[in-house]
Amino acid sequence: MGASSTWRDEAMHVMVIGAGPTGRSPAVMLAEDGHRVTVLERDAAPPTGGHEALWSAWSRLGVGQSRHPHLLLPAVFRVLRAEMPQVCDELTRMRLVPGNPLDGAHRSGISGGPRAGDERFPMTGVRRPLFEAALDAVACRTAGVTVRRRTQVKALPAGRERVQGRPHVAGVLTADGEAVLADLVVDAAGRNSPVGRMLRDLGAPGPVEQRDESGFLAYTRYFRARRGMESDVPLWPSAHYESVSTVSCAADAALRSVSFVVSRRDRALRAMHREQLGNAVLRLFPAEARWAGDGEPVTRILAMSGMESRHRDHLVDGLPVGTGVLSVGDAWATTNPLFGMGVSLGLLHAALLRASLRSRDAGDPQELALRFGEATEKVLSPNRRHLGAWVRHRLAGMDHPVRHPRARYEPGDRDWEFRRTLDTVKLRDPCLLRVAAAGAALLAPPQETVGDPALVDRVLGLGRSTERPWQPGPSRTELLAAVGAG
Ligand SMILES: Cc1cc2nc3c(=O)[nH]c(=O)nc-3n(C[C@H](O)[C@H](O)[C@H](O)COP(=O)(O)OP(=O)(O)OC[C@H]3O[C@@H](n4cnc5c(N)ncnc54)[C@H](O)[C@@H]3O)c2cc1C
């Protein structure tokens, strides 16, 4: 079926722009539902040669964060098990088996021991190219999916208008000048997706883009665990201190990454990226200190900036900015990577797209765009907004001691106070630990916790008895002294 066909409740030709985690997922799901799917990807295919070749030889110019650590949250495994169980099998075949974020807490005894329901939390850190290769292997063997590499989409050809004043997209035009027609184009081109610009070139009044300030810098290093360290799991993957947050991510092959996240405005702390300071900095952080000396560094310190949250609204005045095209994953919205939610949101979005295309009015491009937009708003946007608010406060809190070394950051926002306190007290109470895990895992919507007055009172009450608002660890002054900038 080409773009000349009318939309109807039968198999379509779906064109997916981008073979990242989000793009490959609807490709598999929609092909399994009987659609013909073509994925166009500007980068090369994964190399053969196993895990190390994937890690060192796969050039992913289209994905700047490809070598940065990726946590796959329980929401990823929930979607995979429900929608694409063959990817779980592929991950097992590749020996990428999930652990549980509560493992460290179980070992230390603070979880109150394993409880019914803890199995909801499968999670793993992964070298991202390996996860992508697992998805790729499944996509390539799914009947109905064609993946074309080194094929860049340059423009969107317009078809017959379905909504007055809003262009209808009839397929894509590649950099080689080839027009490929489709009934539906899925924009999975990532955080720098060109589709918004291409739609505006066709006369669309959007999408309207909102961008948060890009305020964080991340410094990451991978270590290989020496014998005996493999089971040394941290109590929780992320921790927040006065001027720094850390993320500790286990990966395959006894690797672990440690990331320090600082405010871009805190110029003095940029010295943390100097490799010769590595051990002096690591030793200050209780959860990471064991890597100083005992872990073998296997990469340089990888720096990442430009991690802003961004959202593209595809509805203007209640109408889709264009029909025949839907944006998913990072092309729709990016969230700050501190919480490792990007892949989860992309996979949840892919599942929403599948459900929308199974609905009765999927054959009507306007109805499809509206239904998909509503589902996105209802299911995904609360997480995006909630995280956005957290990030704004966290950044302001990190910047605060630079200008006011003696005063605490207290903006008087109860939701923020609750989230911050829950982060600090969760390791003291087995129930709160699981509440925090369900929220961080994207298994419970944020309104479920912040909207529970008894829970909020209990957490804030526990917080009142703590001296410092963050986990025990280095103050900014101690950090500055360690990096020689005090
Ligand atoms: C530093 C950092 C750390 C992160 N850590 C985590 C984490 O721990 N856990 C987590 O879940 N998420 C994390 N994320 C977010 C995660 O990387 C993204 O959410 C995820 O990559 C989104 O997948 P995607 O498929 O939507 O987009 P992408 O992965 O960006 O894929 C887009 C694809 O489209 C292709 N493409 C782009 N333009 C074109 C074109 N014109 N024609 C053809 N192809 C095109 C690109 O080559 C690319 O393959 C992190 C992000 C950053 C920046």
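All heavy atoms count here, side chains included; hydrogens, waters and symmetry mates do not. Quantities reported herein were computed from a predicted structural model and do not represent experimental measurements.
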What one should report as the nearest heavy-atom pair of L370 and P320 is CD2-CD, 4.0 Å
Dump the intermediate steps for salt bridge (Lys or Arg N to Asp or Glu O under 4.0 Å) on D423 and K426, then the final yes or no. CA-CA 6 Å; D423 264 331; K426 63 180 181 288; 3.6 Å; yes
Are R115 and F121 in a cation-pi setup, meaning NZ or CZ lies under 6.0 angstrom from the ring centre and within 45 degrees of the ring axis? no
What's the verdict on side-chain hydrogen bond (donor to acceptor under 3.5 Å, both in side chains) for S248 and R256, showing C-alpha distance, side-chain angles and the deciding distance? CA-CA 7 Å; S248 182; R256 182 173 288 278; 3.3 Å; yes
For the residue pair G104 and L235, what are the closest heavy atoms and their distance? O-CD2, 3.6 Å
Taking the six-membered ring for Trp and the full ring for Phe, Tyr or His, determine whether the centres of W416 and H386 are under 6.0 Å apart. no
T220 side chain near S257 side chain, heavy-atom distance below 4.5 Å: yes
Taking every non-hydrogen atom, the tightest pair across H68 and R128: O-CB, 4.4 Å
Please confirm whether F372 and W332 have ring centers closer than 6.0 angstrom. no
By the definition side-chain contact (heavy atoms from CB on, under 4.5 Å), identify the one residue from L326, V195, V328 that meets it with D187. V195
Stepwise side chain to side chain contact (heavy atoms under 4.5 Å, CB included) test for L348 and V379: CA-CA 9 Å; L348 286 163; V379 180; 5.5 Å; no
Validation row, ring centre F285 to ring centre F260 under 6.0 Å: yes
Please determine whether the number of non-hydrogen atoms from other residues, nucleotides or ligands lying under 6.0 Å from atom CZ of R78 exceeds 12. no
Can you say whether the rings of H393 and Y409 are parallel (under 30°), tilted (30 to 60°) or perpendicular (over 60°)? tilted
Above 12 or not: heavy atoms from other molecules or residues under 6.0 Å from CZ of R385? yes
Any ion pair linking E288 and R283 (charged N to carboxylate O, less than 4.0 Å)? no
